Amino acid sequence: MTAPARTSPATDPPVGASPLHPAARAAARWAAPRQVWTVRLALPLAVLLWLLALRTTRLDRIGDLGLLQALPPAYYAALAVLTAGFLTALRTPWLPQRRLAWYALALITFVHATPSLLYPTLRYSWAWKHVAVVDAMLRHGGTVPDAGKLDVYNQWPGFFALNALLLRATGLHSALGYASWYPLIANLLLLGPLLLLFRSLTRDRRLVWCAVWLYYATSWVGQDYFSPQAFAYLLYVTVIALTMRQLSLCGKDFGRLGWRPGPYALLVVLIAAIASSHQLTPVMLVGSLAVLALPRRNRRTVLPVLAAALVLTAAWDATVARPFVAANLHGLLTALAAPDRNAVAGLAQLGSAAPGQVLASWIDRATTATVLLLALAAVLRRRWVRRTTLPLLLLAPLVLLLANGYDGEMLFRAYLFALPATAFLTAALLAPGTPHPPPVRTAATATVLAALLGGLLFGYYSKEAVNHFTPQEAAAVRYATTQTPPGSRIVSLTSDEPGGELHYDQHRWTVLAHADPADRRLLVTDPETALTTALAAGQPAGEPSYLVLTRAQLAACRLTGLLPAAAVDEIQYTAAHLPTLRPVLSSPDAVVYQYLPPTAPGSGTGGGTP
């Protein structure tokens, strides 16, 4: 049975030039030697500037704008030179395609390897949390008992089980060793599916690499750290890319399902991994596949994939993840009744934040709006893209804003899932249509690329005062989680600490910032009573309690406006002068206090003196 004919995915009219005949290529190279030398020299110069920047970066300058204040001018010069070289390569179609590939790889490295090379410890508290979950599952050989609030990871264990298997196979003791490099690894791995997706839409190599560049230059959301969502997102893009590739194979006979058994089995395995690893990504996948199936010509290929996604997601949610789904079903229905709150939840409560954070937040919004508007302009101005499924892939994640606020992050998650489509659409609008575009068009493209890259830096680096941790902070939290008796209560101001969840199955962890509004107000007005109440909660059963205060916690309160700056200072002063709190480990960046009940100030030393 022959598959129905489909519209060719190639550009119409072509956005870029086809590869030139060797003689024509040689003549063109002779005619424009400056372009060739610019492309050849800009990349090594950018790399040298980047390496110089790494040597001269001062982390003690991190402030309201995060790493942006610590990076020297050489870093920004490296990105400027890299962008200029890439834009010149786009305007030089006779150069080998590998030139564009090297520029894209350099951009990925400059952005995502910089924190890994600069920071002495793992970046981002959530990455530390996921390392702790892998460690706990490795110790228990699977499901972690007494997991408390982290029991959700028992219900979606795919990512953690895979890492535990990797640790057993390699003999490593912890994922901490490679978790620091996960952002770079994840983004490099993502390059393959992106190329497969974009090449299924056009044969123009310049348009493909321009879309790749724009994806990495606008992916500011920062969901690439060591996490189930980063792993599931990589698989999501892979499934969409394989499906789009199959749609591009016009007139092929792949049987009744539209797929050969091998590729379809691979898709089922990928979808199963997504369904077992993350809550949100399967929903995004089902939504994207559903819109891909709307055109009748696509259904023979897309419907089998959609059916697999629906069946596997429903089966997992109805069995392993049933406790979480049942507990949160009411919240989902409530969100459906108030879609307006889902779109703005992550943008509210910025009035008392630090000025640098307010500026970064507005730049994040402006970057997101600019990318979406450029994609919309491409749909309106490039008639050929309207014949593809890209507009549908752009809209599918945004529709899910109606479903759930996802703790105020749904708007940014929807942007991330729409980003492959928006990057290609924006490239279709900006990529040079001829080997020698007008200077005005070149200048406009360069300005847009530079502005979007600047927006990426603000979104990705501006919160580093909270996201990076010093060795002293890591040592203090490690003491609180490994040198205290099992059953101890560990109290912290916020969850912005490196590894507070380590041995979470053996300790009880209380985050004061996650308390009810009344308790948070008490923390501001009467910190002595609030701290004593939280720490004394562990005493009736005889378990000791510990308070952990770190530099990153205090910075999180000040920068985000979680607590007034004066209240943060008062909490520090109160903890240092409370007679019931004894410091057991102290450094300039972190203090660990042991709580001593007033009735027995000389007993219950718990972990003792280090």
Side-chain angles (χ1 to χ4, degrees), residues 112 115-116 119 121-170 172-187 189-190 221-236 273-282 320-321 324 406-407 409 412-413 416 463 466-469 473-474 477-478 480-482 490 492 494-507 509 511 514 552 556:
H112 299 288
S116 301
Y119 297 164
T121 61
L122 177 62
R123 172 181 183 253
Y124 200 46
S125 61
W126 283 83
W128 283 87
K129 177 186 293 186
H130 298 145
V131 169
V133 175
V134 173
D135 173 75
M137 288 189 175
L138 196 62
R139 285 188 285 107
H140 290 281
T143 301
V144 181
D146 302 319
K149 293 182 179 180
L150 299 186
D151 185 58
V152 64
Y153 295 126
N154 287 329
Q155 299 173 47
W156 278 278
F159 169 78
F160 305 104
L162 179 63
N163 278 274
L165 179 63
L166 176 64
L167 292 177
R168 291 193 186 97
T170 58
L172 297 174
H173 297 292
S174 172
L176 193 61
Y178 60 84
S180 295
W181 294 98
Y182 198 83
L184 177 63
I185 295 170
N187 282 282
L189 291 176
L190 190 61
V221 179
Q223 292 297 315
D224 51 11
Y225 58 95
F226 184 73
S227 63
Q229 54 263 42
F231 172 71
Y233 179 74
L234 171 63
L235 301 184
Y236 163 88
I274 294 173
S276 64
S277 296
H278 196 230
Q279 309 98 297
L280 175 64
T281 308
V320 180
F324 179 88
Y406 207 72
D407 293 333
E409 296 184 15
F412 303 135
R413 298 294 181 95
L416 179 64
K463 297 176 176 61
V466 178
N467 290 343
H468 101 283
F469 306 104
E473 292 177 271
V477 178
R478 185 167 56 250
T481 54
T482 62
I490 300 175
S492 63
T494 74
S495 58
D496 301 287
E497 55 187 11
E501 298 83 2
L502 190 64
H503 295 291
Y504 63 91
D505 52 322
Q506 301 175 10
H507 296 86
W509 187 35
V511 178
H514 295 171

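Here the structure is a predicted model, which means the values were calculated and not measured.
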Quiz item: CG/Asp146 to NE2/His507 distance, rounded to the nearest 0.5 angstrom?
Solution: 13.0 Å
Quiz item: Is Ser227 close to Tyr182 at the side-chain level, that is, under 4.5 Å between some pair of heavy atoms?
Solution: no
Quiz item: Roughly how far, to the nearest 0.5 Å, is CD1 of Ile274 from OG1 of Thr281?
Solution: 7.0 Å
Quiz item: Are the side chains of Glu501 and Val131 in touch, meaning some heavy atoms are under 4.5 Å apart?
Solution: no
Quiz prompt | Side chains of Arg139 and Asp505 in contact at under 4.5 Å (non-hydrogen atoms) | solution = yes
Quiz prompt | Test item: side-chain donor near acceptor, Tyr153 and His130, under 3.5 Å | solution = yes
Practice problem: Evaluate the side-chain proximity of Val134 to Phe226: yes if any heavy-atom separation is below 4.5 Å, no if none is. | Solution: yes
Quiz item: Taking all atoms of both residues into account, what is the closest heavy-atom pair of Ala186 and Asp224, and its distance?
Solution: CB-O, 4.2 Å
Practice problem: Starting at CG of Leu234, measure out to CG of Asn187 and round the result to the nearest 0.5 Å. | Solution: 9.5 Å
Exercise. Report the distance from atom OH of Tyr236 to atom CG of Leu190, rounding to the nearest 0.5 Å.
Key: 11.5 Å
Quiz item: Does some side-chain heavy atom of Val144 sit less than 4.5 Å from a side-chain heavy atom of Leu150?
Solution: no
Self-check item: Contact check, side chains of Val133 and Phe159, non-hydrogen atoms, under 4.5 Å
Solution: no
Quiz prompt | For Gln155 against Ala321, the heavy-atom pair lying closest together | solution = OE1-O, 3.4 Å
Practice problem: Over all heavy atoms of both residues, which pair between Ser492 and Trp509 is shortest? Give the atoms and the distance, please. | Solution: OG-NE1, 3.3 Å
Quiz prompt | Side chain to side chain, Leu122 and Leu176, heavy atoms closer than 4.5 Å | solution = yes
Practice problem: Please report the closest heavy-atom contact between Tyr225 and Ala127, naming both atoms and the distance. | Solution: CD1-N, 4.1 Å
Quiz prompt | Beyond-backbone contact of His514 with Ser495, side-chain heavy atoms, under 4.5 angstrom | solution = yes
Quiz item: If you draw a 6.0 Å radius around CH2 in Trp181, do more than 12 non-hydrogen atoms from other residues or ligands fall strictly inside?
Solution: yes
Quiz prompt | Separation between NZ of Lys463 and CZ of Arg123, rounded to the nearest 0.5 Å | solution = 10.5 Å
Self-check item: Donor-acceptor under 3.5 Å (Gln229 side chain, Gln223 main chain)
Solution: no
Quiz item: Looking only at heavy atoms, which two atoms of Ala275 and Pro282 are closest? And how far apart?
Solution: CA-CG, 3.7 Å
Exercise. Check the pair Phe160, Phe231 against ring-ring contact (aromatic ring centres under 6.0 Å, His included), reporting the backbone distance first and the verdict last.
Key: CA-CA 10 Å; Phe160 305 104; Phe231 172 71; 9.8 Å; no
Quiz item: Backbone N or O of Pro228 within a donor-acceptor pair of the Ser277 side chain at under 3.5 Å?
Solution: no
Quiz item: How far does CG of Leu167 sit from CE of Met137, to the nearest 0.5 angstrom?
Solution: 13.0 Å
Quiz item: For Leu502 and Asp135, which heavy atoms make the closest approach, and how far apart are they?
Solution: CD1-OD2, 4.0 Å
Quiz item: Is it true that the side chains of Asn163 and Tyr178 contain a donor and an acceptor less than 3.5 Å apart?
Solution: yes
Practice problem: Show your reasoning for whether side-chain contact (heavy atoms from CB on, under 4.5 Å) applies to Gln506 and Thr481. | Solution: CA-CA 9 Å; Gln506 301 175 10; Thr481 54; over 6 Å; no
Quiz item: Stepwise, does the side-chain contact (heavy atoms from CB on, under 4.5 Å) test hold for Phe324 with Gln279?
Solution: CA-CA 10 Å; Phe324 179 88; Gln279 309 98 297; 4.1 Å; yes
